[in-house]
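Report on one structure; see the data block that follows.
Each chain gets a letter, A, B and so on, in the order its sequence line appears, and its residues count up from 1.
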Number of protein chains: 2
Amino acid sequence: MDEKQWIMEIIGQTDKEYKITDKQARILEVAIQEFADKGYSNTSTSEIASKAGVAEGTIFRHYKTKKELLLAIVTPTLTKGIAPIIERTCVKDIFNKEYESFEDFLRFLLNNRYQFLRSRAPIMKILLQEAAFHDEINADLKRLFTNRVYQEFTKIIAHFQDKGQLKIFPTDTVIRLMLTSIVGFLVTRFIILPGYKWDDAVEVENTVAFIMSGLKA
Amino acid sequence: MDEKQWIMEIIGQTDKEYKITDKQARILEVAIQEFADKGYSNTSTSEIASKAGVAEGTIFRHYKTKKELLLAIVTPTLTKGIAPIIERTCVKDIFNKEYESFEDFLRFLLNNRYQFLRSRAPIMKILLQEAAFHDEINADLKRLFTNRVYQEFTKIIAHFQDKGQLKIFPTDTVIRLMLTSIVGFLVTRFIILPGYKWDDAVEVENTVAFIMSGLKA
DNA sequence: CTTAAAAATGAGTGAGTACTCACACTATAA
DNA sequence: TTATAGTGTGAGTACTCACTCATTTTTAAG
(Lines give C-alpha, C1' and ligand atoms only; values in the text may rest on other atoms or scores of the structure.)
Protein backbone atom coordinates (compact mmCIF):
# COMPACT_ATOMS: atom_id res chain seq x y z
CA MET A 1 0.00 0.00 0.00
CA ASP A 2 2.56 2.50 1.13
CA GLU A 3 5.43 1.34 -1.02
CA LYS A 4 3.66 1.92 -4.29
CA GLN A 5 1.77 5.00 -3.29
CA TRP A 6 3.67 6.96 -5.90
CA ILE A 7 2.00 4.99 -8.64
CA MET A 8 -1.35 6.41 -7.62
CA GLU A 9 0.09 9.90 -7.69
CA ILE A 10 1.42 9.26 -11.16
CA ILE A 11 -1.84 7.87 -12.44
CA GLY A 12 -3.68 10.74 -10.85
CA GLN A 13 -6.55 8.98 -9.14
CA THR A 14 -6.48 7.69 -5.60
CA ASP A 15 -10.06 6.66 -5.01
CA LYS A 16 -11.73 5.95 -8.31
CA GLU A 17 -10.85 2.87 -10.19
CA TYR A 18 -8.52 3.84 -12.92
CA LYS A 19 -7.44 1.66 -15.76
CA ILE A 20 -3.84 0.75 -15.38
CA THR A 21 -2.36 -2.32 -16.97
CA ASP A 22 0.40 -4.40 -15.49
CA LYS A 23 2.66 -3.45 -18.34
CA GLN A 24 2.14 0.25 -17.84
CA ALA A 25 3.00 -0.12 -14.16
CA ARG A 26 6.12 -2.08 -15.01
CA ILE A 27 7.21 0.57 -17.48
CA LEU A 28 6.96 3.23 -14.78
CA GLU A 29 8.72 1.09 -12.21
CA VAL A 30 11.65 0.28 -14.50
CA ALA A 31 11.88 3.84 -15.81
CA ILE A 32 12.14 5.26 -12.29
CA GLN A 33 14.75 2.70 -11.38
CA GLU A 34 16.89 3.27 -14.45
CA PHE A 35 16.54 7.04 -14.57
CA ALA A 36 17.65 7.22 -10.96
CA ASP A 37 20.54 4.78 -11.42
CA LYS A 38 22.01 5.92 -14.71
CA GLY A 39 20.34 9.22 -15.50
CA TYR A 40 17.61 10.12 -17.95
CA SER A 41 19.90 10.74 -20.91
CA ASN A 42 21.86 7.54 -20.41
CA THR A 43 18.77 5.34 -20.35
CA SER A 44 17.32 4.22 -23.67
CA THR A 45 13.69 3.45 -24.28
CA SER A 46 14.67 0.06 -25.70
CA GLU A 47 16.38 -0.75 -22.42
CA ILE A 48 13.33 0.24 -20.39
CA ALA A 49 11.19 -1.88 -22.67
CA SER A 50 13.30 -5.02 -22.40
CA LYS A 51 13.74 -4.76 -18.62
CA ALA A 52 10.02 -4.24 -18.22
CA GLY A 53 9.31 -7.23 -20.47
CA VAL A 54 7.44 -5.07 -22.93
CA ALA A 55 7.75 -4.07 -26.56
CA GLU A 56 9.27 -0.68 -27.24
CA GLY A 57 6.13 0.45 -29.01
CA THR A 58 4.12 -0.08 -25.84
CA ILE A 59 5.98 2.74 -24.12
CA PHE A 60 5.06 5.12 -26.90
CA ARG A 61 1.42 4.01 -26.83
CA HIS A 62 1.15 5.51 -23.33
CA TYR A 63 3.67 8.33 -23.58
CA LYS A 64 4.09 10.25 -26.80
CA THR A 65 7.76 10.95 -26.15
CA LYS A 66 10.48 9.87 -23.77
CA LYS A 67 10.36 13.29 -22.15
CA GLU A 68 6.64 12.89 -21.51
CA LEU A 69 7.47 9.73 -19.59
CA LEU A 70 10.00 11.67 -17.52
CA LEU A 71 7.51 14.42 -16.74
CA ALA A 72 4.81 11.88 -15.87
CA ILE A 73 7.16 10.44 -13.28
CA VAL A 74 8.45 13.68 -11.88
CA THR A 75 5.54 16.12 -11.95
CA PRO A 76 3.25 14.50 -9.34
CA THR A 77 6.03 14.34 -6.77
CA LEU A 78 6.76 17.96 -7.53
CA THR A 79 3.22 19.35 -7.31
CA LYS A 80 1.22 16.98 -5.12
CA GLY A 81 4.25 16.37 -3.02
CA ILE A 82 6.08 19.53 -2.10
CA ALA A 83 3.57 22.32 -2.10
CA PRO A 84 0.21 21.21 -0.68
CA ILE A 85 1.45 19.30 2.31
CA ILE A 86 3.42 22.25 3.54
CA GLU A 87 0.52 24.56 2.91
CA ARG A 88 -2.42 22.60 4.20
CA THR A 89 -1.06 20.37 6.88
CA CYS A 90 1.46 22.69 8.43
CA VAL A 91 0.30 26.20 7.91
CA LYS A 92 -3.33 25.58 8.75
CA ASP A 93 -2.39 23.85 11.94
CA ILE A 94 0.00 26.56 12.92
CA PHE A 95 -2.57 29.28 12.73
CA ASN A 96 -5.05 26.98 14.44
CA LYS A 97 -2.51 27.24 17.24
CA GLU A 98 -1.84 23.56 17.32
CA TYR A 99 1.80 24.50 17.37
CA GLU A 100 2.71 26.71 20.26
CA SER A 101 6.37 26.88 19.41
CA PHE A 102 8.48 27.23 16.30
CA GLU A 103 10.44 24.23 17.47
CA ASP A 104 7.34 22.01 17.36
CA PHE A 105 6.61 23.22 13.86
CA LEU A 106 10.15 22.52 12.78
CA ARG A 107 10.07 19.04 14.25
CA PHE A 108 6.81 18.25 12.53
CA LEU A 109 8.06 19.62 9.22
CA LEU A 110 11.25 17.60 9.31
CA ASN A 111 9.49 14.36 10.25
CA ASN A 112 6.81 14.98 7.67
CA ARG A 113 9.30 15.53 4.85
CA TYR A 114 11.34 12.59 6.05
CA GLN A 115 8.33 10.28 5.74
CA PHE A 116 7.46 11.73 2.37
CA LEU A 117 10.91 11.10 0.95
CA ARG A 118 11.31 7.63 2.37
CA SER A 119 9.23 6.07 -0.40
CA ARG A 120 10.19 8.59 -3.08
CA ALA A 121 13.95 8.90 -2.88
CA PRO A 122 14.60 7.68 -6.46
CA ILE A 123 12.00 10.02 -7.93
CA MET A 124 13.47 12.89 -5.95
CA LYS A 125 16.93 12.07 -7.24
CA ILE A 126 15.64 12.16 -10.81
CA LEU A 127 13.87 15.42 -10.07
CA LEU A 128 16.97 17.13 -8.69
CA GLN A 129 19.19 15.84 -11.49
CA GLU A 130 16.90 16.78 -14.36
CA ALA A 131 15.61 20.08 -13.00
CA ALA A 132 18.94 21.52 -14.05
CA PHE A 133 18.35 20.82 -17.74
CA HIS A 134 14.62 20.74 -18.44
CA ASP A 135 12.85 24.07 -18.40
CA GLU A 136 9.47 22.42 -17.79
CA ILE A 137 10.66 21.02 -14.47
CA ASN A 138 12.72 24.04 -13.54
CA ALA A 139 9.87 26.48 -14.13
CA ASP A 140 7.45 24.39 -12.05
CA LEU A 141 9.98 24.14 -9.27
CA LYS A 142 10.60 27.88 -9.13
CA ARG A 143 6.90 28.71 -9.36
CA LEU A 144 5.95 26.31 -6.57
CA PHE A 145 8.78 27.52 -4.40
CA THR A 146 8.05 31.23 -4.69
CA ASN A 147 4.25 30.94 -4.64
CA ARG A 148 3.93 28.39 -1.90
CA VAL A 149 6.94 27.49 0.15
CA TYR A 150 8.50 30.94 0.23
CA GLN A 151 5.27 32.83 0.88
CA GLU A 152 4.07 30.49 3.59
CA PHE A 153 7.43 30.39 5.31
CA THR A 154 7.56 34.17 5.32
CA LYS A 155 4.26 34.28 7.18
CA ILE A 156 5.26 31.60 9.64
CA ILE A 157 8.54 33.27 10.45
CA ALA A 158 6.87 36.64 10.92
CA HIS A 159 4.31 34.96 13.19
CA PHE A 160 6.92 33.48 15.50
CA GLN A 161 9.07 36.59 15.39
CA ASP A 162 6.04 38.49 16.69
CA LYS A 163 5.65 35.96 19.46
CA GLY A 164 9.26 36.69 20.37
CA GLN A 165 10.48 33.18 19.71
CA LEU A 166 12.76 34.00 16.80
CA LYS A 167 15.65 36.33 16.23
CA ILE A 168 14.83 39.37 14.13
CA PHE A 169 16.94 38.37 11.16
CA PRO A 170 16.29 39.14 7.47
CA THR A 171 13.56 36.71 6.43
CA ASP A 172 15.42 35.53 3.35
CA THR A 173 18.43 34.63 5.43
CA VAL A 174 16.34 32.75 7.97
CA ILE A 175 14.65 30.76 5.21
CA ARG A 176 17.97 30.03 3.56
CA LEU A 177 19.65 28.80 6.74
CA MET A 178 16.64 26.75 7.76
CA LEU A 179 16.01 25.11 4.39
CA THR A 180 19.69 24.50 3.88
CA SER A 181 19.81 22.45 7.06
CA ILE A 182 16.59 20.59 6.31
CA VAL A 183 17.31 19.86 2.67
CA GLY A 184 20.92 19.08 3.52
CA PHE A 185 19.81 16.48 6.03
CA LEU A 186 17.32 14.85 3.67
CA VAL A 187 19.62 14.84 0.66
CA THR A 188 22.48 13.42 2.69
CA ARG A 189 20.22 10.81 4.25
CA PHE A 190 18.40 9.61 1.14
CA ILE A 191 20.55 10.46 -1.86
CA ILE A 192 24.23 10.91 -1.02
CA LEU A 193 24.67 8.32 1.75
CA PRO A 194 21.55 6.15 1.86
CA GLY A 195 23.65 3.19 2.98
CA TYR A 196 25.17 4.89 6.05
CA LYS A 197 23.89 3.62 9.39
CA TRP A 198 21.80 6.53 10.56
CA ASP A 199 19.87 6.69 13.78
CA ASP A 200 17.22 8.74 12.12
CA ALA A 201 15.28 9.79 15.20
CA VAL A 202 18.46 11.12 16.79
CA GLU A 203 19.55 12.92 13.65
CA VAL A 204 16.18 14.60 13.30
CA GLU A 205 16.34 15.76 16.91
CA ASN A 206 19.90 17.03 16.53
CA THR A 207 19.03 18.87 13.36
CA VAL A 208 16.05 20.54 15.01
CA ALA A 209 18.20 21.52 17.97
CA PHE A 210 20.92 22.85 15.67
CA ILE A 211 18.52 25.01 13.69
CA MET A 212 16.80 26.29 16.82
CA SER A 213 20.09 27.36 18.43
CA GLY A 214 20.84 29.50 15.43
CA LEU A 215 17.43 31.10 15.12
CA LYS A 216 15.85 31.47 18.53
CA ALA A 217 15.68 34.87 20.17
CA MET B 1 45.02 36.06 -14.77
CA ASP B 2 42.54 34.96 -12.18
CA GLU B 3 39.66 34.26 -14.51
CA LYS B 4 41.48 31.58 -16.45
CA GLN B 5 43.36 30.09 -13.59
CA TRP B 6 41.46 26.86 -14.08
CA ILE B 7 43.14 26.35 -17.42
CA MET B 8 46.49 26.09 -15.71
CA GLU B 9 45.07 23.54 -13.33
CA ILE B 10 43.75 21.56 -16.27
CA ILE B 11 47.02 21.68 -18.15
CA GLY B 12 48.80 20.69 -15.01
CA GLN B 13 51.68 23.14 -14.93
CA THR B 14 51.60 26.49 -13.22
CA ASP B 15 55.15 27.67 -13.54
CA LYS B 16 56.80 25.91 -16.45
CA GLU B 17 55.88 26.91 -19.92
CA TYR B 18 53.58 24.30 -21.26
CA LYS B 19 52.56 23.97 -24.84
CA ILE B 20 48.90 24.77 -25.25
CA THR B 21 47.44 25.89 -28.51
CA ASP B 22 44.60 28.35 -28.96
CA LYS B 23 42.36 25.64 -30.31
CA GLN B 24 42.92 23.37 -27.37
CA ALA B 25 42.05 26.18 -24.99
CA ARG B 26 38.91 26.97 -26.95
CA ILE B 27 37.85 23.32 -26.85
CA LEU B 28 38.13 23.32 -23.05
CA GLU B 29 36.35 26.63 -22.70
CA VAL B 30 33.42 25.57 -24.89
CA ALA B 31 33.22 22.11 -23.35
CA ILE B 32 32.98 23.56 -19.83
CA GLN B 33 30.34 26.02 -20.93
CA GLU B 34 28.20 23.45 -22.73
CA PHE B 35 28.59 20.67 -20.16
CA ALA B 36 27.47 23.07 -17.45
CA ASP B 37 24.57 24.47 -19.47
CA LYS B 38 23.11 21.36 -21.04
CA GLY B 39 24.79 18.46 -19.30
CA TYR B 40 27.54 16.11 -20.43
CA SER B 41 25.25 13.57 -22.13
CA ASN B 42 23.26 16.20 -23.98
CA THR B 43 26.34 17.84 -25.49
CA SER B 44 27.76 16.30 -28.66
CA THR B 45 31.38 16.43 -29.66
CA SER B 46 30.36 17.84 -33.05
CA GLU B 47 28.66 20.73 -31.25
CA ILE B 48 31.72 21.46 -29.14
CA ALA B 49 33.84 21.38 -32.27
CA SER B 50 31.70 23.80 -34.25
CA LYS B 51 31.28 26.26 -31.36
CA ALA B 52 35.00 26.21 -30.75
CA GLY B 53 35.68 26.75 -34.45
CA VAL B 54 37.58 23.51 -34.68
CA ALA B 55 37.33 20.25 -36.60
CA GLU B 56 35.81 17.37 -34.71
CA GLY B 57 38.97 15.34 -35.15
CA THR B 58 40.96 17.95 -33.26
CA ILE B 59 39.10 17.13 -30.06
CA PHE B 60 40.05 13.49 -30.37
CA ARG B 61 43.66 14.37 -31.09
CA HIS B 62 43.94 15.74 -27.55
CA TYR B 63 41.43 13.53 -25.77
CA LYS B 64 41.03 9.91 -26.74
CA THR B 65 37.36 9.83 -25.78
CA LYS B 66 34.63 12.25 -24.82
CA LYS B 67 34.79 10.94 -21.27
CA GLU B 68 38.51 11.69 -21.12
CA LEU B 69 37.66 15.29 -21.95
CA LEU B 70 35.15 15.34 -19.09
CA LEU B 71 37.67 13.91 -16.63
CA ALA B 72 40.34 16.35 -17.81
CA ILE B 73 38.00 19.18 -16.92
CA VAL B 74 36.73 17.83 -13.66
CA THR B 75 39.65 16.03 -12.04
CA PRO B 76 41.91 19.03 -11.29
CA THR B 77 39.14 20.91 -9.53
CA LEU B 78 38.45 17.78 -7.56
CA THR B 79 42.00 16.95 -6.47
CA LYS B 80 43.95 20.19 -6.55
CA GLY B 81 40.90 22.04 -5.40
CA ILE B 82 39.11 20.37 -2.57
CA ALA B 83 41.63 18.38 -0.64
CA PRO B 84 44.96 20.20 -0.39
CA ILE B 85 43.68 23.63 0.48
CA ILE B 86 41.75 22.32 3.41
CA GLU B 87 44.65 20.24 4.53
CA ARG B 88 47.57 22.57 4.06
CA THR B 89 46.21 26.03 4.48
CA CYS B 90 43.71 25.42 7.21
CA VAL B 91 44.90 22.51 9.25
CA LYS B 92 48.52 23.55 9.37
CA ASP B 93 47.60 27.01 10.50
CA ILE B 94 45.23 25.72 13.10
CA PHE B 95 47.83 23.62 14.82
CA ASN B 96 50.29 26.44 14.45
CA LYS B 97 47.76 28.18 16.66
CA GLU B 98 47.11 30.92 14.20
CA TYR B 99 43.46 30.33 14.91
CA GLU B 100 42.59 30.76 18.52
CA SER B 101 38.92 30.06 18.03
CA PHE B 102 36.80 27.65 16.05
CA GLU B 103 34.86 30.64 14.80
CA ASP B 104 37.93 32.14 13.17
CA PHE B 105 38.67 28.85 11.49
CA LEU B 106 35.11 28.60 10.24
CA ARG B 107 35.18 32.12 8.87
CA PHE B 108 38.44 31.50 7.08
CA LEU B 109 37.18 28.22 5.65
CA LEU B 110 33.99 29.73 4.32
CA ASN B 111 35.74 32.71 2.74
CA ASN B 112 38.41 30.49 1.30
CA ARG B 113 35.91 28.12 -0.33
CA TYR B 114 33.87 31.09 -1.50
CA GLN B 115 36.87 32.52 -3.34
CA PHE B 116 37.73 29.14 -4.75
CA LEU B 117 34.27 28.59 -6.22
CA ARG B 118 33.85 32.09 -7.59
CA SER B 119 35.90 31.29 -10.69
CA ARG B 120 34.97 27.61 -10.85
CA ALA B 121 31.19 27.51 -10.50
CA PRO B 122 30.55 25.89 -13.90
CA ILE B 123 33.16 23.20 -13.35
CA MET B 124 31.71 22.52 -9.92
CA LYS B 125 28.25 22.19 -11.40
CA ILE B 126 29.53 19.63 -13.90
CA LEU B 127 31.33 17.82 -11.09
CA LEU B 128 28.24 17.55 -8.90
CA GLN B 129 26.02 16.51 -11.80
CA GLU B 130 28.28 13.84 -13.21
CA ALA B 131 29.60 12.44 -9.94
CA ALA B 132 26.27 10.65 -9.69
CA PHE B 133 26.86 8.57 -12.82
CA HIS B 134 30.60 8.19 -13.40
CA ASP B 135 32.38 5.82 -11.06
CA GLU B 136 35.74 7.44 -11.79
CA ILE B 137 34.54 10.74 -10.36
CA ASN B 138 32.50 9.23 -7.59
CA ALA B 139 35.35 7.06 -6.33
CA ASP B 140 37.76 10.02 -6.30
CA LEU B 141 35.24 12.13 -4.46
CA LYS B 142 34.63 9.53 -1.77
CA ARG B 143 38.33 8.79 -1.37
CA LEU B 144 39.26 12.45 -1.03
CA PHE B 145 36.44 13.07 1.38
CA THR B 146 37.18 10.19 3.73
CA ASN B 147 40.98 10.44 3.58
CA ARG B 148 41.29 14.19 3.76
CA VAL B 149 38.27 16.25 4.63
CA TYR B 150 36.72 13.82 7.08
CA GLN B 151 39.95 12.91 8.84
CA GLU B 152 41.16 16.46 9.18
CA PHE B 153 37.83 17.73 10.35
CA THR B 154 37.69 15.04 12.97
CA LYS B 155 41.03 16.25 14.37
CA ILE B 156 40.01 19.88 14.29
CA ILE B 157 36.74 19.24 16.05
CA ALA B 158 38.43 17.15 18.72
CA HIS B 159 40.99 19.94 19.18
CA PHE B 160 38.38 22.61 19.82
CA GLN B 161 36.25 20.31 21.90
CA ASP B 162 39.29 19.83 24.13
CA LYS B 163 39.68 23.58 24.38
CA GLY B 164 36.07 23.69 25.55
CA GLN B 165 34.83 25.76 22.64
CA LEU B 166 32.55 23.13 21.12
CA LYS B 167 29.66 21.04 22.34
CA ILE B 168 30.48 17.41 22.93
CA PHE B 169 28.35 16.07 20.12
CA PRO B 170 29.00 12.96 18.01
CA THR B 171 31.73 13.98 15.57
CA ASP B 172 29.84 12.68 12.54
CA THR B 173 26.84 14.78 13.43
CA VAL B 174 28.94 17.90 13.94
CA ILE B 175 30.61 17.41 10.56
CA ARG B 176 27.27 16.80 8.87
CA LEU B 177 25.62 19.90 10.32
CA MET B 178 28.62 22.06 9.61
CA LEU B 179 29.24 20.90 6.05
CA THR B 180 25.55 20.98 5.27
CA SER B 181 25.45 24.68 6.13
CA ILE B 182 28.67 25.49 4.30
CA VAL B 183 27.93 23.49 1.16
CA GLY B 184 24.31 24.64 1.24
CA PHE B 185 25.43 28.25 1.23
CA LEU B 186 27.91 27.79 -1.60
CA VAL B 187 25.60 25.69 -3.76
CA THR B 188 22.74 28.14 -3.29
CA ARG B 189 24.98 31.09 -3.99
CA PHE B 190 26.78 29.80 -7.06
CA ILE B 191 24.64 27.10 -8.61
CA ILE B 192 20.96 27.36 -7.69
CA LEU B 193 20.52 31.13 -7.50
CA PRO B 194 23.63 32.79 -8.93
CA GLY B 195 21.53 35.70 -10.17
CA TYR B 196 20.04 36.61 -6.80
CA LYS B 197 21.32 39.84 -5.28
CA TRP B 198 23.41 38.56 -2.42
CA ASP B 199 25.35 40.68 0.01
CA ASP B 200 28.01 38.05 0.22
CA ALA B 201 29.98 39.43 3.15
CA VAL B 202 26.82 39.59 5.25
CA GLU B 203 25.69 36.10 4.24
CA VAL B 204 29.08 34.65 5.14
CA GLU B 205 28.95 36.33 8.53
CA ASN B 206 25.38 35.15 9.18
CA THR B 207 26.24 31.62 8.17
CA VAL B 208 29.24 31.58 10.50
CA ALA B 209 27.09 32.92 13.32
CA PHE B 210 24.37 30.37 12.62
CA ILE B 211 26.78 27.44 12.68
CA MET B 212 28.50 28.70 15.81
CA SER B 213 25.24 29.05 17.73
CA GLY B 214 24.47 25.43 17.05
CA LEU B 215 27.88 24.06 17.91
CA LYS B 216 29.48 26.17 20.64
CA ALA B 217 29.64 24.85 24.16
C1' DC C 1 -19.98 -17.58 -29.96
C1' DT C 2 -19.28 -12.74 -32.51
C1' DT C 3 -17.45 -8.38 -32.84
C1' DA C 4 -15.36 -4.16 -32.13
C1' DA C 5 -12.35 -1.54 -29.52
C1' DA C 6 -8.12 -1.33 -26.90
C1' DA C 7 -3.58 -2.91 -25.99
C1' DA C 8 0.58 -4.72 -27.48
C1' DT C 9 3.96 -5.88 -30.83
C1' DG C 10 8.66 -5.48 -33.16
C1' DA C 11 10.83 -4.81 -37.53
C1' DG C 12 11.78 -0.64 -39.77
C1' DT C 13 13.36 4.46 -40.35
C1' DG C 14 16.07 8.41 -40.54
C1' DA C 15 18.61 11.37 -37.74
C1' DG C 16 22.37 11.75 -34.90
C1' DT C 17 26.28 9.76 -32.21
C1' DA C 18 31.33 9.01 -30.84
C1' DC C 19 35.21 8.02 -33.00
C1' DT C 20 38.77 7.00 -37.17
C1' DC C 21 42.09 7.79 -40.58
C1' DA C 22 44.52 9.17 -44.62
C1' DC C 23 46.06 13.43 -45.71
C1' DA C 24 47.53 18.46 -45.22
C1' DC C 25 49.54 22.18 -42.89
C1' DT C 26 53.02 24.48 -39.97
C1' DA C 27 57.06 25.23 -37.14
C1' DT C 28 61.54 24.22 -35.73
C1' DA C 29 66.13 22.49 -36.31
C1' DA C 30 69.88 20.47 -39.04
C1' DT D 1 66.29 23.26 -48.47
C1' DT D 2 64.91 19.00 -46.26
C1' DA D 3 63.53 16.16 -42.46
C1' DT D 4 60.66 15.47 -38.51
C1' DA D 5 57.17 15.86 -35.39
C1' DG D 6 53.22 18.00 -33.71
C1' DT D 7 48.73 19.95 -34.92
C1' DG D 8 44.65 20.14 -37.57
C1' DT D 9 41.21 18.41 -40.93
C1' DG D 10 36.55 16.53 -42.39
C1' DA D 11 34.48 12.97 -44.94
C1' DG D 12 33.57 8.43 -43.62
C1' DT D 13 32.11 4.35 -40.41
C1' DA D 14 29.58 1.56 -37.53
C1' DC D 15 26.32 2.04 -34.37
C1' DT D 16 22.53 3.67 -31.26
C1' DC D 17 18.75 6.45 -30.58
C1' DA D 18 13.74 7.91 -30.21
C1' DC D 19 9.93 7.12 -32.57
C1' DT D 20 6.40 4.86 -36.27
C1' DC D 21 2.99 1.82 -38.05
C1' DA D 22 0.91 -2.15 -40.11
C1' DT D 23 -0.27 -6.12 -37.91
C1' DT D 24 -1.61 -9.34 -34.19
C1' DT D 25 -3.38 -10.39 -29.56
C1' DT D 26 -6.28 -9.41 -25.68
C1' DT D 27 -10.28 -7.70 -23.49
C1' DA D 28 -15.05 -7.08 -22.75
C1' DA D 29 -19.76 -6.43 -24.07
C1' DG D 30 -23.84 -8.23 -26.71
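- To the nearest angstrom, C1' of C/dC19 lies 13 Å from CD of B/Glu68.
- A/Ile59 has its CD1 atom 13 Å from the P atom of C/dG10, to the nearest Å.
- Counting to the nearest Å, the P atom of D/dC21 and the NZ atom of A/Lys64 are 14 Å from each other.
- Residue contacts for A/Ser44: at a heavy-atom cut-off of 4.0 Å it reaches the sugar-phosphate backbone alone, with no base atom in range.
- Phosphate proximity of D/dT7 to B/Thr21: absent, as no side-chain N or O sits under 4.0 Å from OP1 or OP2.
- Atom CG of B/Asp22 and atom P of C/dA27 are 12 Å apart (whole Å).
- There is a side-chain donor-acceptor pair under 3.5 Å between A/Thr45 and A/Glu56.
- For B/Lys66, the side-chain atoms get nearest to C/dA18 when compared with the rest of C/dA18, C/dA7, D/dA18.
- Taking the six-membered ring where the residue is Trp, the centroids of A/Phe210 and B/Phe210 are separated by under 6.0 Å.
- The side chain of B/Arg61 has D/dT9 as its nearest neighbour among D/dT9, C/dA8, C/dA18.
- With rounding to whole Å, A/Gln24 atom CD is found 19 Å from D/dT26 atom P.
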Before giving the answer on side chain to side chain contact (heavy atoms under 4.5 Å, CB included), spell out for B/Thr207 and B/Ile182 the whole-Å C-alpha distance, their side-chain angles and the decisive distance to 0.1 Å. CA-CA 8 Å; B/Thr207 305; B/Ile182 294 174; 5.6 Å; no

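- Using a 4.0 Å heavy-atom distance criterion, A/Ser41 is classed as making no nucleic acid contact.
- Salt bridge present: A/Lys51 and A/Glu34 bring a charged side-chain N and a carboxylate O closer than 4.0 Å.
- Between B/Glu152 and B/Lys155 there is a salt bridge, with a side-chain nitrogen of the basic residue lying less than 4.0 Å from a carboxylate oxygen of the acidic one.
- Residue contacts for B/Ser50: at a heavy-atom cut-off of 4.0 Å it reaches no nucleic acid atom on any strand shown.
- Distances shown here put every side-chain N or O of B/Lys67 at or beyond 4.0 Å from the OP1 or OP2 atom of C/dA18.
- When the C1' atom of D/dC17 is taken as reference, atom CG of A/Leu69 falls 15 Å away, rounded to whole Å.
- Listed pair B/Thr58 / D/dT7 fails the phosphate criterion, with no side-chain N or O lying under 4.0 Å from OP1 or OP2.
- Judged by closest nucleotide on DNA chain D, A/Glu47 is the one of A/Glu47 and A/Gly57 placed further toward the 5' end.
- Protein atom CZ of B/Phe60 is 17 Å distant from nucleotide atom P of D/dT13, rounded to whole Å.
- Between the CD1 atom of B/Ile48 and the C1' atom of C/dG16 there is a distance of 15 Å, rounded to whole Å.
- Distances from the side chain of B/Glu56 to the nucleotides C/dT9, C/dA18, D/dC19 place C/dA18 closest.
- The side chain of B/His62 lies closest to D/dG8 when the candidates are D/dT9, C/dC19, D/dG8.
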